2 protein chains.
Amino acid sequence: MTTLHQLGEREVIRRLAKLLPGRADVRVGIGDDVAVVAVEGGHRDFLLTSDAVIEGTHFLPGAAPEQIGHKAVGRVLSDFAAMGGEPLWALVDVVANRDMPLKRLEGVYRGAAKLAGKYGLSIIGGDMAGGPELQLHVFGVGEIPKRSAVLRSGARAGDVIYVTGALGGSLAGKHLSFEPRLEEGLWLRESRWANAMIDISDGLATDLGHILEMSKVGAEISADAIPVSTAARKMKTGRTSLEHALFDGEDFELLFTVSAEKQPGFESSWKDVFKLPCTAVGRIVKAPRGIVLVDAAGKKKSLKDAGYEHFSG
Amino acid sequence: MTTLHQLGEREVIRRLAKLLPGRADVRVGIGDDVAVVAVEGGHRDFLLTSDAVIEGTHFLPGAAPEQIGHKAVGRVLSDFAAMGGEPLWALVDVVANRDMPLKRLEGVYRGAAKLAGKYGLSIIGGDMAGGPELQLHVFGVGEIPKRSAVLRSGARAGDVIYVTGALGGSLAGKHLSFEPRLEEGLWLRESRWANAMIDISDGLATDLGHILEMSKVGAEISADAIPVSTAARKMKTGRTSLEHALFDGEDFELLFTVSAEKQPGFESSWKDVFKLPCTAVGRIVKAPRGIVLVDAAGKKKSLKDAGYEHFSG
């Protein structure tokens with residue numbers, strides 16, 4: 001019998017999605033950062049997303065409780081950022097060992113509440129159950145003006161590909177302390193700069209792959225242009241720092257495309273508004289469909305997807 | 001250090017709720033069956049709820065996959081029923097062992113999709129992660145006309161207390177195959193019969209206790225009147241069938257109160273509309289605050305809460 005491991009997460013999701021009933025008011029279902037639904041009679045769409053944060057997978061047992069809470073809420077906020085949306089409400093399902101000290105769980109909630117409060121997200125419920133290891137499942141509702149969500153499917157040949165911040169090595173600490181790029185995502189949507197957008201949760205290569213797949217295009221990226229983080233440079237894993245920047249997950253930076261003719265205007269506007277770096281790393285091309293990495297000498301090679309996938313590897 | 005186990009689920013939730021930031025558009029937060037939020041510009045409120053279904057806690061490893069999916073979606077639908085609401089959309093977080101056969105997970109989704117489809121709930125996303133045992137976290141969004149949700153806090157002294165169906169022994173099978181009482185809940189809300197309502201997930205005594213606590217009243221219930229299920233009568237556990245009906249969780253029947261003057265009208269209307277039995281089991285009283293059980297001889301005794309609580313027992 002075929003196991004989840006043999007198929008891999010993406011194929012499992014594809015198979016399961018086929019079994020599910022739809023509704024006419026669902027604008028974007030399974031396959032983007034968040035689901036988008038129409039709110040009857042209103043001028044807004046709602047954004048629905050959920051993210052799991054599990055001991056042993058998303059953090060180690062020794063992680064500071066405030067950081068676990070920060071990460072759980074941060075993942076959901078980062079999803080909203082990737083659509084250009086604004087957070088509203090959240091529910092949190094907690095699975096915890098019954099012998100866990102209350103103080104530690106309070107620390108988790110303090111970390112969650114601090115980040116939620118900063119961005120106007122109100123945690124208003126959830127469920128609680130006993131289990132061997134700590135898990136947080138955060139369900140978030142956000143909003144966006146009707147039909148204005150920035151989707152993965154909007155990239156067009158010729159678009160310039162940008163990333164915020166610096167990439168790679170998030171395991172050294174950033175994966176527990178990242179700042180969700182909500183202000184940047186909101187601005188990119190409101191100013192209509194971004195054609196397509198995603199947050200980097202599975203790694204630049206994998207998440208760019210999601211944009212390419214949904215937009216039915218390819219990409220050429222310049223190895224030299226990719227902003228490699230100090231953490232990635234310091235990693236001693238046998239991988240190069242460029243490989244960390246390309247394939248490490250959980251940077252939670254934004255990856256988006258901007259029409260070529262807007263490039264100069266966009267780059268100067270960005271610098272007027274944000275201190276955070278924003279770097280052009282390549283271009284969307286019509287074909288081939290995958291990612292081509294161009295080195296300093298102009299040599300091209302096809303990039304194989306090697307980001308994080310649950311059930312695999 | 002105090003552990004979750006020492007405090008018990010309810011007290012843990014009380015402590016954590018204090019740490020969380022609020023928003024002005026939250027009508028009902030932590031402490032009812034679902035959270036109720038105002039939708040700007042619309043004539044409806046949204047209902048948000050989440051429920052966990054975990055291997056070893058909510059079902060045994062050998063359970064039929066379709067029933068696991070049924071239960072996961074059914075718990076959320078039962079929450080909506082308890083407010084008189086209607087389901088809209090859901091996300092599902094799945095935690096699964098990587099060696100799980102795809103066929104089994106497809107069975108889970110088939111069960112979830114079947115029940116969801118029956119009641120117009122569309123599953124439109126979620127998250128997936130690896131873990132030792134199977135877990136489903138279902139996050140549901142429902143709707144209700146503005147400010148019309150039937151809350152736990154609406155019971156008044158003199159109200160008649162009703163339950164649908166028959167209670168107890170759900171572990172024998174009903175906990176995996178129950179029908180969420182959505183039609184009944186919707187009718188009770190639309191016809192304005194119910195003053196307060198809850199679904200029986202933790203046991204009649206515990207869930208009635210929730211209504212009493214939120215409504216700041218007490219209750220007298222008649223031992224003889226409680227509808228005891230056949231399954232409860234067949235249980236060989238050392239507990240009486242009445243104890244099963246009072247304390248077993250996961251019946252997912254509705255428990256609600258109706259103003260005394262409406263009793264005759266309500267009872268005849270119910271019979272006109274539903275085949276499902278609906279039984280008067282007692283009355284709301286001003287004091288004492290707890291539950292008093294009255295036996296056939298008229299002898300009264302105070303009922304100690306002995307329903308299911310996570311982290312305890």
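Only heavy atoms go into these numbers, but all of them, side chains included; no hydrogens, no water, no symmetry mates. All values reported here derive from a predicted model rather than from experimental measurement. Labels below follow one simple rule: chain letters A, B, ... track the order of the sequence lines, proteins then strands, and each chain is numbered from 1.
- Between chain B and the options A:H43, A:R44, A:E133, heavy-atom pairs under 4.5 Å are most frequent for A:E133.
- For the residue pair A:G126 and B:S50, the shortest heavy atom distance occurs at CA-OG, 3.3 Å.
- Within the 4.5 Å cutoff, the side chain of B:F46 has no heavy atoms near those of the A:V141 side chain.
- A:L4 places a side-chain heavy atom less than 4.5 Å from the side chain of B:L102.
- Contacts of A:L121 with chain B are made by backbone atoms alone, with heavy-atom separations under 4.5 Å and no side-chain atom involved.
- Highest contact tally toward chain A, considering only B:T2, B:L16, B:D25, is held by B:L16 [criterion: heavy-atom pairs under 4.5 Å].
- Listed options A:Q135, A:E143, A:H137 were ranked by heavy-atom pairs under 4.5 angstrom with chain B; first place goes to A:H137.
- Of the residues considered (A:P101, A:G125, A:G29), A:P101 shows the highest number of contacts with chain B, using heavy-atom pairs under 4.5 Å.
- With a 4.5 Å cut-off on side-chain heavy atoms, A:R23 and B:L88 count as touching.
- Contact annotation for A:L91: only side-chain heavy atoms (C-beta onward) come within less than 4.5 Å of a heavy atom of chain B.
- Heavy-atom pairs under 4.5 Å with chain A peak, among B:V37, B:V26, B:V108, at B:V37.
- Contacts of A:E55 with chain B are absent, with no heavy-atom separation under 4.5 Å from either backbone or side chain.
- Taking 4.5 Å as the limit, some side-chain heavy atom of A:F139 sits within range of a side-chain heavy atom of B:D93.
- When side chains are defined from C-beta on, B:L19 counts as touching A:E106, because their heavy atoms get closer than 4.5 Å.
- Surrounding NZ of A:K103 are at most 12 heavy atoms belonging to other residues, nucleotides or ligands under 6.0 Å away.
- In this structure, A:I30 CD1 and B:I123 CD1 are separated by 8.0 Å, a value rounded to the nearest 0.5 Å.
- Using a 4.5 Å heavy-atom threshold, the side chains of A:V12 and B:L105 count as touching.
- Ranked by non-hydrogen atom pairs under 4.5 Å with chain A, the options B:G117, B:G56, B:A113 are led by B:A113.
- In this structure, chain B has a heavy atom under 4.5 Å from the side chain of A:I54, while its backbone stays farther away.
- Once rounded to the nearest 0.5 Å, the distance linking NZ of A:K114 with CG of B:L20 reads 15.0 Å.
- Note: A:L48 leads A:L48, A:V28, A:I13 in heavy-atom pairs under 4.5 Å with chain B.
- Using a 4.5 Å cut-off between heavy atoms, B:M100 touches chain A through backbone and side chain atoms alike.
- Between the CG atom of A:D99 and the OG1 atom of B:T3 there is a distance of 6.0 Å, given to the nearest 0.5 Å.
- Counting heavy-atom pairs under 4.5 Å between each of B:G120, B:A112, B:A17 and chain A puts B:G120 at the top.
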